[in-house]
Amino acid sequence: MEDITFAENIKQFRKAKSMSMEELGKRLGKAKSTISAWENGKRTPKINELKSISEALGVTISQLLGIDCL
């Protein structure tokens, strides 16, 4: 099984929702450059931002983090 990074997860879930970086940024009150930095692995969101990111993308925090919950 291939390890998928947090950055890749954000990008995949955003694209699955047909959402632009600008749109996700607006929903989260963040600049497009912040979303881009997250998706490129240059920055990571603060832990207290995970809930709003997961809600905006319609996934659980576990899914966002790539944690397999069996």
Side-chain angles (χ1 to χ4, degrees):
M1 185 172 182
E2 177 182 328
D3 288 331
I4 298 177
T5 66
F6 177 72
E8 291 169 324
N9 280 343
I10 292 176
K11 187 174 188 175
Q12 286 179 356
F13 288 129
R14 177 182 60 77
K15 286 187 170 193
K17 289 281 210 184
S18 299
M19 190 183 301
S20 68
M21 282 191 266
E22 293 91 346
E23 186 178 350
L24 180 57
K26 282 183 183 179
R27 289 182 184 205
L28 299 172
K30 301 288 181 187
K32 176 187 173 189
S33 60
T34 299
I35 306 303
S36 178
W38 289 349
E39 290 186 0
N40 289 309
K42 294 181 181 184
R43 291 179 49 195
T44 56
K46 295 180 176 127
I47 196 161
N48 62 348
E49 296 173 313
L50 293 177
K51 184 177 181 190
S52 58
I53 296 167
S54 67
E55 288 173 352
L57 295 173
V59 298
T60 66
I61 293 173
S62 294
Q63 289 172 309
L64 188 61
L65 296 175
I67 298 169
D68 291 330
C69 296
L70 301 175

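Numbers here are sequence positions counted from 1.
Every residue two or more places apart in sequence or in another chain that forms a side chain to side chain donor-acceptor pair (under 3.5 Å) with N40 is listed here: S36. Judged as a salt bridge (charged side-chain N to carboxylate O under 4.0 Å, His left out), and not counting sequence neighbours, the contacts of K32 are E22. A search for salt bridge (charged side-chain N to carboxylate O under 4.0 Å, His left out) contacts involving K11 returns nothing, not counting sequence neighbours. Residues satisfying the side-chain contact (heavy atoms from CB on, under 4.5 Å) test with A7, not counting sequence neighbours, are T5.
Applying the salt bridge (charged side-chain N to carboxylate O under 4.0 Å, His left out) test to pairs two or more places apart or on separate chains, those with a residue in residues 52-64 are K51-E55. For residues 40-49, the set of pairs meeting the salt bridge (charged side-chain N to carboxylate O under 4.0 Å, His left out) definition, not counting sequence neighbours, comprises K30-E49.
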* Check step by step if salt bridge (charged side-chain N to carboxylate O under 4.0 Å, His left out) holds for R14 and E39. => CA-CA 10 Å; R14 177 182 60 77; E39 290 186 0; 2.5 Å; yes
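L28 contributes atom CG, which lies 7.5 Å from atom CG of L57 (distance to the nearest 0.5 angstrom). Note that CG of N9 is 10.0 Å distant from CD1 of I67, once rounded to the nearest 0.5 Å. Rounding to the nearest 0.5 Å gives a distance of 7.5 Å between CD1 of I10 and CD1 of I35. Atom OG of S18 sits about 9.0 Å away from atom CD of E23, to the nearest 0.5 Å.
In terms of heavy-atom proximity, L50 sits nearest to L64 at O-CD2, 4.0 Å.
The shortest distance between side-chain heavy atoms of F13 and L24 does not fall below 4.5 Å.
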